[in-house]
Amino acid sequence: MADILTVGSLAAARGQKLCGWLPVAGASIRLPLTLIHGARPGATLLVTGGIHGGEYPGIEAAIQLARALDPATMSGSAIVASIASPTAFQARLQYRVPEDGLNLNRQFPGRATGTVSQRLAACIMAELAAHADAWVDLHGGDIHEQLEPFTIYSAGAAPAVRGESARLAAAYGIRYVVESDAVRGGTYGAAAAIDLPCILTEAGGVGQLDPAAQAVHSRGLQNVLRALEILPGAPEPVEPVTLLRTFQVVTSAHAACWYPVVRAGDIVRQGQPLGELRDYFGDTMAQIAAPLGGVVLYRVTSLAVDTGDPLVGIGAEDRGD
Ligand SMILES: [Zn+2]
């Protein structure tokens with residue numbers, strides 16, 4: 001590892017911590033960035049929060065991690081981008097980047113000459129992921145989503161990369177772990193394509209800075225740093241993983257009002273009612289049933305849903321295809 005950790009115009013000497021900004025080329029956006037370059041050589045962990053600007057516990061866990069890490073105790077380094085979609089954060093937007101209306105976590109690996117979201121994704125890959133040996137991407141239920149905590153990583157990575165992602169997922173300490181590529185254009189899929197172990201971790205939701213969810217992320221980050229031997233000591237013991245190999249998102253076929261009857265964490269069987277879509281006069285448009293049995297990992301809580309919007313995400317232990 002180089003004696004200087006350089007990201008953009010920031011250059012941290014060994015044993016140094018630096019805060020600054022990473023400008024996104026071709027966009028009026030700069031990312032808050034902390035480089036913590038450990039006193040001794042070792043692996044480099046990338047931590048991103050706020051890819052979705054309304055997922056607050058992960059954002060706060062990233063901010064607090066960047067403040068707490070002491071390079072003198074570290075063998076290796078951490079690169080922390082606490083709010084990776086700052087204009088979405090400031091606008092309190094769910095899913096979308098305000099400049100182009102796109103979901104940043106569907107634009108990876110991005111395009112350096114594309115829209116703002118695509119440039120953001122390309123910047124994160126070229127300036128941040130390129131320096132990392134592992135990546136933790138912090139998420140949660142969005143402002144209008146209630147969520148059961150889970151961790152997800154790519155099933156399509158090379159075996160050694162997938163194995164390392166699985167090891168980090170188990171260390172993070174969230175019971176439900178999803179191994180899937182059902183969602184395209186996300187961080188962990190782009191990481192898999194460059195052989196970078198990556199986990200996307202989900203805790204919290206419905207627009208709350210929930211201390212318990214923040215603690216899930218904070219403990220997970222500490223455990224991953226220990227599992228990578230960047231921090232000394234063994235990871236804290238955690239509960240065993242329930243591995244889910246199927247992840248299916250039920251979407252709305254209508255712009256409608258949404259009345260869910262399940263909650264995150266519920267176990268549902270195939271065909272069980274999940275909720276109902278009604279028009280603006282209260283007439284039923286569609287009954288929504290579970291397409292498969294499994295655990296409800298999240299449900300949308302807003303009355304308003306648009307055509308194509310997610311309603312419920314279900315994880316299942318058996319491969320559904
Ligand atoms: Zn998210």
Side-chain angles (χ1 to χ4, degrees), residues 31 46-63 80-98 100-110 116-118 120-121 124-125 128-129 135-154 169 172 174 176-178 180-191 198-210 213-214 216-218 220-221 244 247-251 264 296-302 305-306 308-315:
L31 305 184
L46 169 63
V47 176
T48 48
I51 291 263
H52 290 135
E55 299 172 357
Y56 301 133
I59 290 172
E60 184 60 19
I63 291 172
V80 182
S82 54
I83 307 177
S85 187
T87 52
F89 174 76
Q90 212 55 62
R92 293 188 289 254
L93 276 185
Q94 297 101 317
Y95 301 146
R96 298 178 196 287
V97 173
D100 58 16
L102 295 176
N103 182 338
L104 175 56
N105 209 33
R106 302 291 179 275
Q107 308 310 318
F108 281 84
V116 168
S117 295
Q118 292 160 349
L120 243 175
I124 289 166
M125 293 307 294
L128 303 180
W135 183 0
V136 177
D137 183 28
L138 301 163
H139 287 251
D142 216 314
I143 293 168
H144 63 300
E145 290 173 343
Q146 189 225 352
L147 178 127
E148 171 74 18
F150 65 98
T151 298
I152 187 165
Y153 63 85
S154 172
Y172 203 81
I174 294 175
Y176 288 117
V177 171
V178 179
S180 171
D181 286 300
V183 175
R184 299 284 170 180
T187 47
Y188 55 90
C198 177
I199 57 174
L200 185 157
T201 61
E202 302 254 11
V206 288
Q208 304 293 304
L209 181 55
D210 173 35
Q214 188 186 323
V216 167
H217 283 308
S218 294
L221 288 164
L244 308 172
F247 182 50
Q248 194 161 336
V249 176
V250 181
T251 58
V296 174
L297 292 176
Y298 72 88
R299 63 156 184 163
V300 162
T301 57
S302 60
V305 293
D306 206 350
D309 276 355
L311 298 172
V312 174
I314 296 174

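Whatever order the structure lists them in is the order used to number ligands and atoms, beginning at 1. Hydrogens, waters and symmetry mates play no part in the numbers below; they use all other heavy atoms, side chains included.
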What is the distance from atom NE2 of H52 to atom CD1 of I143, rounded to the nearest 0.5 Å?
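Reported to 0.5 Å precision, the distance equals 11.0 Å.
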
Do we see a donor-acceptor contact under 3.5 Å between the side chains of Y95 and E145?
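Looking only at side-chain atoms, E145 and Y95 do form a donor-acceptor pair, the distance falling under 3.5 Å.
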
Closest N/O/S atom of H139 to the Zn ion (ligand 1), by atom name?
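Within H139, restricted to N, O or S, the Zn ion (ligand 1) is closest to atom ND1.
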
For the Zn ion (ligand 1), the closest N/O/S atom belonging to H52
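Sorting the N, O and S atoms of H52 by distance to the Zn ion (ligand 1) puts ND1 first.
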
Side chain D142, main chain H144, donor-acceptor under 3.5 Å:
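Pair absent, no side-chain N/O of D142 close to backbone of H144.
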
Looking at the Zn ion (ligand 1), is one of the N, O or S atoms of D142 less than 2.8 Å from it?
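For D142, the answer is no, given that no N, O or S atom comes within less than 2.8 Å of the Zn ion (ligand 1).
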
Can you label the angle between the H217 ring and the Y172 ring as parallel, tilted or perpendicular, going by 30° and 60°?
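H217 and Y172: perpendicular rings.
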
